[in-house]
Every structure is written in structure tokens, then in C-alpha cells.
Amino acid sequence: MAAPLDVAPSGDVAPEAMLSGISAKAIEGRSLGQIAWLRLRRDKVAMAGGAVVIFLILVAIFGPFLVQNPDIYHANLINPTLSRPNGPFGGISVAHPFGVEPVTGRDVLSRIVNGARVSLLIAFLATALAVSIGVVMGIIAGYVGGWVDGVIARSMDVFLAFPLLVFAIALVGVIPSSAFGLSGNSLRIGLLVFVIGFFAWPYMGRIIRGQTLSLREREFVDAARSIGARGPYILFRELLPNLVAPILVYSTLLIPTNILFEAALSYLGVGIIPPTPSWGGMISDAVNSGFYSIDPMYMIIPGLAIFITVMAFNLFGDGLRDALDPRSSR
Amino acid sequence: MSTPVSTAGTAGAIGGAGDALLEVTGLTKHFPITRGIIFRQKVGAVQAVDQVDFSVAPGQTLGLVGESGCGKTTTGRLLTRLLEPTGGRIMFEGRDITHLSMGKMRPLRRDIQMIFQDPYSSLNPRHTVGGIVGAPLRLQKVKTEKGIKATVQELLELVGLNPEHYNRYPHEFSGGQRQRIGIARTLALRPKLIVADEPVSALDVSIQAQVINLLEDLQNELGLTYVVIAHDLSVVRHISDHVAVMYLGKIVELAGRDQLYAAPRHPYTVALMSAVPVPAPVRVDGRRQRRERIRLSGDVPSPLNPPPACRFHTRCWKAQEVCRTQEPPLTELIPGHRVACHFPENTAASAE
Ligand SMILES: Nc1ncnc2c1ncn2[C@@H]1O[C@H](COP(=O)(O)OP(=O)(O)OP(=O)(O)O)[C@@H](O)[C@H]1O
Ligand code: SF4
Ligand SMILES: [Mg+2]
């Protein structure tokens, strides 16, 4: 269409703009975020994963107020000779829907719910730490380049090659019972967050560095410089908004990794100190005290909790990645 | 006349008026090729732009034409000081801006703006049109009479876009509309000089003319000075007052538009011209000009290791021994027409 130059564009209208123009005369633009949300809503699996994630977060926040005290012993529910809970499936009953712990008779539901709070708290804080360090390092390495990039990229390699599990076990073994004004479990939580977060950042750093390297070549960066923008403006106003998608996606995928890591550390006895409940600690009890042979349910339930949580975060993260995929939108 | 033309005085003469808005002398950019990650070693240099001279008078347009990779974008980025020149001098309004620091350059950015080659990558997909076009005003802290939003809407109207689309995102627009958004952004600061880097090469042929016409209208309305970059001669034909042809980082021919299109002298220009469909038979001195299609053989040599002497000799059908040993200077063959060739075309000697 040869539209005259000085009239409002009619000839070359993007199909998308044309469609929305017809349907709603919507002058308000649809951002890429809104489009991604529309796409995500159509992804049933991801939405289910997201629903479970939200449910788990609510449980972690409010659950402990709704269930009974996780530390109360119910000796009357335990068979005194076999040490295992009375009744089938680990003593499942109306009062104890997930059964009770062998030997002590503590309520399993309550321990799972309280364990969720600890697990998610550590995983979220560790992820936040990893993402903060990773994003800052990645964006600086990618944008500044040169020897700065060389140093950061090398240090990421070193961190990734580090025998983290050995380090974590050693570190937790040598810490005093109180440090930095913290003691007991607050100190443990702080330490776990630090160890997990500090060693997980290179995953995020690598992704952000790669994305920044390609974004830096886009002409809008030159355009910003040609109107007099300084470095921080380019990093935080031009580049960062374009990195929100990968940051969201990989944070969502980092959380389950960190949950597993925390469970592994608790399982190895360097995580949360008993009697505070944790999922890894419950599995550890089940294995080390031989509970699994007398009451398999006691191991299955925290195992399922970890499995469902990790699965839900992964499904949601994958759906988020598909919805935000830069290749399917311009 | 046989002296190598590399002084500012002669360069200014071709630009038309005496005091040029932009004057470039011996402009050179070599990109070092390095090896090693932390300890870098220089192992060579891409000679992207080499000893380029030209000038542009206020209100005029210089077309800069050449094949892909000949250093056009690099030249544009040097002019807008997005790159640091390796050598030479850039004078803007009589002021030497060649090595101005980023801080000193910042206020000058109001006067020198750039339109980018790719409308799909030159607009930040996460910013609204209003944000993009208003960014120069905010960054340069320009006082606007009616506020930034109204100013931006005026700009959108000026480039032929619906001002109501202020809150839309770039992905909702076509290539031609995006390029208009980019043009509106450059106009926000009321610049004196605009470097347009292949402003239409990414667009549909049907839309190219619209955008070129828009640039021309804006020039008349706002008294802008342009350096318009293109990879084929037909694009800049209508808009240019002077045309410079580049080959492998060097200007090989520079002349007034009519002179150049009527009688190209450099074999490379002749080849470029024969490569594009020319709408009407071109006439020189009333006689029909013979126009055969010239196919350039071979690839463009690498600017990492350009051929010695005349850089075009590897592909030139007129090349002689002297072309391989002696660099032809950019000489003013006839007033206002400079050519760097030992055996130029369309001269009295070569005509018959
Ligand atoms: N930052 C850089 N580092 C190294 N070499 C570069 C750099 N920028 C450009 N070059 C090289 O310089 C030469 C000229 O590039 P330039 O982008 O100026 O060409 P161009 O004429 O604009 O080409 P096109 O028509 O493809 O846009 C090319 O060989 C290119 O590879
Ligand atoms: S100098 Fe020689 S090789 Fe170069 S363009 Fe002229 S004739 Fe061709
Ligand atoms: Mg280019």
C-alpha cells in the first residue's frame, strides 16, 4: 500500500497491532510480560506446578500456626515392644493424618509442615543470594569485558569445580556453637544460606554473562550511548529489563536444586539441628535409626514432600521459560 | 592537482560551502585483533577505515556508499564518537571533537545524532515508544515547554506515527514504523547533524521510499545536515548533495551527486552503478551513455590484510602493474570531483 507519507501509518502496520486495534482499539500497549503471562496461562502443566508452588509457600508461612506442636511426644501411640506406631501406615488417623514418628510418636504432618518452612526459607534465601551475586557478576563480566570478564569467568569456573559437599561438611563441622551474634539453628540457617548461595551463583552468573554479551551488541545500547547515557544507566535501565526473563526462569529452577542440597546437608547431619524438623533430617532418621524397616511411611512421606516440591518448581520454571522464550517473540 | 588530496582545505571545497558543519581529515580506525584472555597480545589489525577525508556543509547531505564490510558503519560511529578514532581529525562546527572524552562529548550529543541500521535491534524491546523517544530528553535534562509526554507526541506526529501509540511497545510495530520511532528519537534533541546508517536497508522496498522521503521532508523543515550511509547508489541518489564511494575503508570517489551519477570515474563506482537497475538511460553531454553490466569478480578482500597500493586492484578489470605498486591519490580530476584511480573512466581520454 502506498500510503502518503505524512498521514498516520496505514500501510505498514504490524499484524499484531492491527488485530488488537480492531478488537479493542487498545491504545495501551501490551508489554512482552503481559504476552508471556497470556502464554503461561495456557500451559496447564506449568499452571499446576505454579499452583503447587503457591500452596507450598502458603504452607511454609502459615502452616506452622495451624498444626500441632511438632515436638510433643505421643508415647501412647507407639507399640512399646516394636517401637513402631500403632495402626496401619505409620499410625495414620484423624488426629495424625500423616501418622506419627516411630519411638517418639511425634506428629509427622506437623514435622513436614515445619520442615517445609525451614527448607523453603533456606532455599529461597540461598537462591536470592546466588541470584544477586550471579546477576551483578554476570552483567559486569558481559558488559565490561576485557580482563574484568577474564577474571570473573575464571572464578566462576573455580567455584563450579569446587568440591562443595566436602567443603560444606568441613565448614559446618568446625563452626562454633555461636558466631556473628547468632547461635543454634539461626546460625546453621545463616551458614547454610551462605554456603549454598555462595557456591550456586556461578550458574546464574554464566547465564547472565552470556545474555549480556549478546545484548551488548544490540544497537539500542549504542543508541543509549549516543544520547549520552552513562554505564550505570545502560546496565540497569537498558540491559537489566531484558534480563528479567532469564533471571526469573533460572531462579525458579535454582530453588529446587537448593532444596535438594539443603536436604542432602541435613541428611548428612550438617544441616538443621534436631529437634527442629527438616525433610532431610527426617529421611536421615529413617535410614540411620532403621525406622524404614519398621515404618516405611516415615521415610516415604518426607521423600514425597521433597519430590513434589522439586517437581512443582521445575515444571513451573520450565513453563515460565517457554512462555518467556525470547526466540518465540521478537 | 596531482598532489594527494588530504588537506582540510581541499576537502572543504568539495563539501560546497566554505565553512563546513562537519569536516573529517585523515580519519582512521584500526581494530586490533588480540589473542589471550587476561594477557592480551596484538596479532593484527582490521583496517576498517583508513585515511578518509570529507566535509559536509550545513543543510546538505552526504551519501556514503559501499559494499558490506567496507567501513561505513565504523565511519558513522566515529563521527558520532561512539568509537575512538585511531587517527585523523573530526571537526564539528570548527571544534575538534576527535578525542573528546565521553563526559565532554555528552553535551555535544544534542547536536550529533545517529539513526541505526537495524530497527529491530535499535529499540529496547522492554521500553515503550514514549520511553524510547523521551529518553534523550530525560538523559540530557532538556527543559520542555509542555512536558516530556506532549513533546514526544509531537515528535511521533512529526515522523508520521499515531501519537496515541505512546504506550505501545516496539514489537507492536512494523519495521518501517520502528525506523520512524528511531528517527523520532534522534529528532528529540533537535540535532544539527544526523548520521543515518543504512536507514532503509532492513525495510521492504515498498517502504524504503517513504522513509527516505520522510528524511528529506524533515531536512527541509528542520534544516538538518545528513550523512546518509547506504550499500547501493540508488538509495541515496535523491537525498544526497554529494556522494562518497567507499571501498575497503577508503574513499575512492567523491563528487557532487549529479556529476557522480552522470559520469562515474572510478571503476568501482562504475561497477556499483551497473549492478543496480537505473531507471532511465543516463545522458552525458547529450549523448547516450553506454551502460553494460559489469560483474565484479572475486570477493571483497579482508580488511585485515588489504591489497597494497590500489585496494581495488584484485577485482579491477583495468588494473595494471602501477596499480599494484603505487597507491592512486584521491585527486580532484575536475573541480568538485575527486577520484583515486590511475586510469579513471569517463574522462576525455577514455571516452572515445
Ligand atoms: N568492533 C570491531 N572489532 C573488530 N572488527 C570490527 C569491529 N567493528 C567492525 N569491524 C570490522 O570492520 C570492517 C568494517 O565494518 P563496518 O561495520 O563498518 O562495515 P559496513 O560497511 O557498515 O558493513 P555493513 O554493510 O555490513 O553494515 C568489517 O570488516 C568488520 O568486520
Ligand atoms: S588504480 Fe588501477 S586497479 Fe585501482 S581502480 Fe584504478 S585502474 Fe583499477
Ligand atoms: Mg553497517
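Chain letters run A, B, ... following the sequence lines, proteins first and then strands; every chain starts at 1.
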Check this for me: [X], atom [atom1], are more than 12 non-hydrogen atoms of other residues, nucleotides or ligands nearer than 6.0 Å?
| X | atom1 | value |
| --- | --- | --- |
| B:F92 | CZ | yes |
| A:F162 | CZ | yes |
| A:R216 | CZ | yes |
| B:H99 | NE2 | yes |

query: Could you give the distance from CD (A:E219) to CE (B:M114), rounded to the nearest 0.5 Å?
result: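 So the gap between those two atoms works out to 7.5 Å.
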In this structure, OH of B:Y169 is separated from CD of A:Q34 (nearest 0.5 Å) by 6.5 Å
Point to revise | Residue B:R77 versus chain A: region with a heavy atom under 4.5 Å | key: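 When you check distances to chain A, only side chain atoms of B:R77 fall under 4.5 Å.
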Honestly, the part of B:M102 sitting under 4.5 Å from a heavy atom of chain A is side chain
In short, A:A223 meets B:S122 closest at the heavy-atom pair CB-O, 4.1 Å
With a 4.5 Å cut-off on side-chain heavy atoms, are B:P125 and A:R218 touching? yes
Checked B:R109, B:M105, B:R81 vs chain A; the most non-hydrogen pairs under 4.5 Å come from B:R109
Checked B:H127, B:Q140, B:R185 vs chain A; the most non-hydrogen pairs under 4.5 Å come from B:H127
- Query: Is the backbone of B:L82 close enough, under 3.5 Å, to the side chain of A:R225 for a donor and an acceptor to pair up by distance?
  - Reply: yes
Without swapping roles, check the side chain of B:R106 against the backbone of A:G228 for a donor-acceptor pair under 3.5 Å.
->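 Present.
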Given the options B:N124, B:D118, B:L123, A:F220 meets side-chain contact (heavy atoms from CB on, under 4.5 Å) only with B:N124
**Prompt:** Could you go step by step and tell me if B:L139 and A:R230 meet the side chain to side chain contact (heavy atoms under 4.5 Å, CB included) rule?
**Reply:** CA-CA 9 Å; B:L139 272 167; A:R230 294 174 172 84; 6.0 Å; no
For a side chain to side chain contact (heavy atoms under 4.5 Å, CB included) check, start with the C-alpha distance between A:I227 and B:Q113, then their side-chain angles and the critical distance, and finish with the verdict. CA-CA 7 Å; A:I227 55 178; B:Q113 281 290 302; 3.6 Å; yes
